Amino acid sequence: MQIETLEHIFREYDIRGIIDTEINDEFVYALGFVLADFYAGEGHSRILIGYDTRRNSAHYHNMLAKVFSTKNLHVVSLGLVPTPCLYFSVHHLGIFAGIEVTASHNPAEFTGFKLWNKKTSLSGKDIQKLYQHMRDFFAFLHEKKLTAKEYLAQLEQENPSKGFIGVYDCIPSYSEKVLETISQLSCSVIVDGANGAAGKVCADLFRKTGAKVIELFCDEQEDFPNHAPDPTKRKNLQALCKAILEHKAKYGIALDGDGDRVVLVDKNARILKSDQLMSIFINEISTRKPNALFLLDVKCSQELIKEIQSLGSNYQLTPTGHSMLKRNMLHTNADFGGELSGHFFHSENWYKTDDGILTALRVIDLLEKNHLDLTALPNWEHMFTTEEIAIPCTKEQKKHINKHLIQHFKQKYQSVAECICIDGIRCVFADSWFLVRASQTSEQITLRFEAKTEEQFNALKQSVLSDLEKILQV
């Protein structure tokens, strides 16, 4: 296997690639050996493994379990579960090593691995180190003239004593914990599970509250036949919006493929942006904790920041990425956090981890309990805004693009705007702002624009895109 060509699948927040062409049996066996050594070196003797609905996910789970057991690690299999159930089980069982075999919101041809170590998810340099260990391991196999599977068979013969492989059904305990703070509900809810790992769990939990539940694509299918499992794309919410109007349901919930992200739709089929959903939580928490701290990723609306300031609470902008948010939730002891991609992080009676199912239940409970009309929320001034814009760039350009972006736009705007450079550059003017940053997960530049008037919005967008085109040509 040419591992040298696969550096790109060792990404900022996970390992993710195309089934068979990038991630195959040989890759997974090798990854198992590398992870076994990594986790043992971190002091772990037990490890949790769960998997999503995708083709080969269960197969890859079994392969990892076999390698770990042969390397004398004790495996606790969670079976087919949403990623938030892995995060819950880490804390509930006190086993602080875990893997979810998943490609999250990506199309069906992808597979991957989310990794937990000690207090939080593995990311950044730690994942890059795994790539270097994979290179070393394949060099070792080449020297021995063995495949990873053959090496495993050799070890099994040499070492008959193995770690155990056990099974734990985490759903009952997870459900009990989620429902601890949820009241009885009498509203109607449509749950769009995207045929992923979280739909059934979410629908069942809402039924336990007394809500009237309509399931939409909650059966688990490996190829996501109805729409891609990414609820942040408007085209993937068309069926949910149609069902909301047909059934006259009060709320619509759209989950991603592994359940750590969620999008909410109101009874008029309006799709709430994630920063709008964050506003609902932030207002409620601020009434009880006036000096609360909230974490927002750099893509969130300036209107949300103004709202936090008007409430007398505190905020901190962070780089985009669920692993970054998780880490910062721990470091700052923030009360709540979220990012525009639909990850929400709860501190109260939870573990500062992202959970789409929990978020859906908590926000609807909050709305119902306080007789709040979702169609009128958030009560922000109208702004002209964009969805996230993606501009392709090459791998070579991406290596240095943030530096060039910061240098160019800071020089141009620092006298008239607040320039925030923690993740690309966010320039905040009196009545508008924009963000330009290199994506951590794809070969692209991502942008957002927001302005009070259409004239400001169009002028700012045109100017920034024109500058970006010149920067990419250098």
Side-chain angles (χ1 to χ4, degrees), residues 52-55 57 80-84 102-111 185 187-209 211-277 280 340-344 354-364 367-368 373-375 377 385-390:
D52 69 8
T53 60
R54 295 165 186 270
R55 178 170 68 88
S57 287
L80 197 164
V81 293
T83 295
T102 182
S104 188
H105 62 284
N106 290 95
E109 64 267 24
F110 281 83
T111 188
L185 302 172
C187 55
S188 54
V189 177
I190 299 180
V191 178
D192 182 347
N195 301 114
K200 283 190 178 298
V201 176
C202 185
D204 287 346
L205 281 169
F206 269 103
R207 284 195 189 92
K208 287 180 180 179
T209 70
K212 179 185 176 183
V213 179
I214 299 168
E215 291 188 13
L216 189 66
F217 316 137
C218 286
D219 56 315
E220 297 149 353
Q221 297 192 45
E222 64 179 28
D223 56 350
F224 311 117
N226 294 289
H227 62 74
D230 184 353
T232 65
K233 305 296 184 192
R234 187 172 291 270
K235 64 182 180 180
N236 297 328
L237 299 177
Q238 290 177 358
L240 177 59
C241 290
K242 183 180 178 183
I244 283 275
L245 298 175
E246 283 181 355
H247 293 280
K248 295 182 170 57
K250 193 169 185 180
Y251 304 105
I253 296 157
L255 298 156
D256 75 338
D258 67 329
D260 59 4
R261 301 203 294 174
V262 67
V263 168
L264 206 66
V265 178
D266 74 12
K267 65 183 180 183
N268 296 327
R270 178 183 64 126
I271 302 164
L272 272 79
K273 290 187 174 69
S274 295
D275 46 14
Q276 294 175 321
L277 185 56
I280 299 168
L340 198 69
S341 63
H343 292 270
F344 301 93
D354 41 337
D355 188 327
I357 301 168
L358 174 76
T359 299
L361 281 146
R362 284 192 172 182
V363 73
I364 291 175
L367 292 165
E368 292 293 296
D373 183 1
L374 182 59
T375 62
L377 297 173
T385 185
T386 59
E387 302 290 332
E388 192 174 344
I389 298 170

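Just so it is clear, the model here is predicted, and its values are computed rather than measured.
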(request) Taking the side chain as every heavy atom from C-beta outward, state whether Pro229 and Asn195 have any atom pair closer than 4.5 Å. (result) no
(request) Would you indicate whether the side-chain heavy atoms of Gln276 and Arg270 approach each other to under 4.5 Å? (result) yes
(request) Taking all non-hydrogen atoms of both residues into account, name the closest pair between Asp192 and Asn236 and its distance. (result) OD2-O, 4.1 Å
(message) Within this structure, what is the OG1-CG distance for the pair Thr359 and Asp260, rounded to the nearest 0.5 Å?
(response) 10.0 Å
(request) To the nearest 0.5 Å, tell me how far Ile214 CD1 sits from His247 NE2. (result) 4.5 Å
(request) Could you please spell out the steps behind the side chain to side chain contact (heavy atoms under 4.5 Å, CB included) verdict for Leu272 and Leu374? (result) CA-CA 9 Å; Leu272 272 79; Leu374 182 59; 3.6 Å; yes
(message) Looking at Pro231, is its backbone amide N or carbonyl O close enough to the side chain of Arg261 to form a donor-acceptor pair, meaning the two atoms are under 3.5 Å apart?
(response) no
(request) Specify the closest pair of heavy atoms between Asp219 and Lys200, including all atoms of both residues, with the distance to one decimal. (result) CA-CE, 4.1 Å
(message) Contact between Glu387 and Thr232 at the side-chain level, heavy atoms closer than 4.5 Å - yes or no?
(response) no
(request) Go through the side-chain N and O atoms of Thr375 and Asp266 and say whether any donor and acceptor fall under 3.5 Å apart. (result) no
(request) State, to 0.1 Å, how close Pro82 and Ala197 come at their nearest heavy-atom pair, and which atoms those are. (result) CG-O, 3.3 Å
(request) Without swapping roles, check the side chain of Ser57 against the backbone of Thr53 for a donor-acceptor pair under 3.5 Å. (result) no
(request) Go through Phe217 and His227 one step at a time and tell me if the side chain to side chain contact (heavy atoms under 4.5 Å, CB included) criterion holds. (result) CA-CA 9 Å; Phe217 316 137; His227 62 74; 3.7 Å; yes
(request) Would you give the length of the straight line joining atom CG of Asn268 to atom CG of Leu245, rounded to the nearest 0.5 angstrom? (result) 7.5 Å
(request) Compare all side-chain heavy atoms of Arg207 with those of Asp204 and state whether any distance is below 4.5 angstrom. (result) yes
(message) Looking at every non-hydrogen atom in both residues, tell me the closest pair between Asp256 and Ser104 and how far apart they are.
(response) OD2-OG, 3.4 Å
(request) For the pair Asp223 and Arg55, evaluate side chain to side chain contact (heavy atoms under 4.5 Å, CB included) and give the outcome as yes or no after the intermediate values. (result) CA-CA 7 Å; Asp223 56 350; Arg55 178 170 68 88; over 6 Å; no
(request) Please report the shortest heavy-atom distance between Leu255 and Ala194, naming the atom on each side. (result) O-CB, 3.9 Å
(request) Answer yes or no: is there a donor N or O on one side and an acceptor on the other, between the side chain of Arg54 and the main chain of Phe110, under 3.5 Å? (result) yes
(request) Search all heavy atoms of Ser274 against all heavy atoms of Phe344 and return the closest pair with its distance. (result) O-CE2, 3.5 Å
(message) Less than 4.0 angstrom from a charged side-chain N to a carboxylate O is my criterion; do Asp275 and Lys273 meet it?
(response) no
(request) Could you go through the side chain to side chain contact (heavy atoms under 4.5 Å, CB included) check for Ile253 and Phe206 one step at a time? (result) CA-CA 11 Å; Ile253 296 157; Phe206 269 103; 3.3 Å; yes
(request) Could you grab the distance from atom CG of Asp230 to atom CG of Asn106, nearest 0.5 Å is fine? (result) 8.0 Å
(message) Could you check whether any side-chain heavy atom of Leu367 comes within less than 4.5 Å of a side-chain heavy atom of Tyr251, counting everything from C-beta outward?
(response) yes
(message) Between Ser188 (side chain only) and Lys250 (backbone N and O only), is there a donor and an acceptor less than 3.5 Å apart?
(response) yes
(message) Whether the side chain of Asp52 engages the backbone of Asp258 through a donor-acceptor N/O pair (distance < 3.5 Å, no angle test) should be reported.
(response) no
(message) Between Cys187 and Ile364, is there a side-chain heavy-atom distance shorter than 4.5 Å?
(response) yes
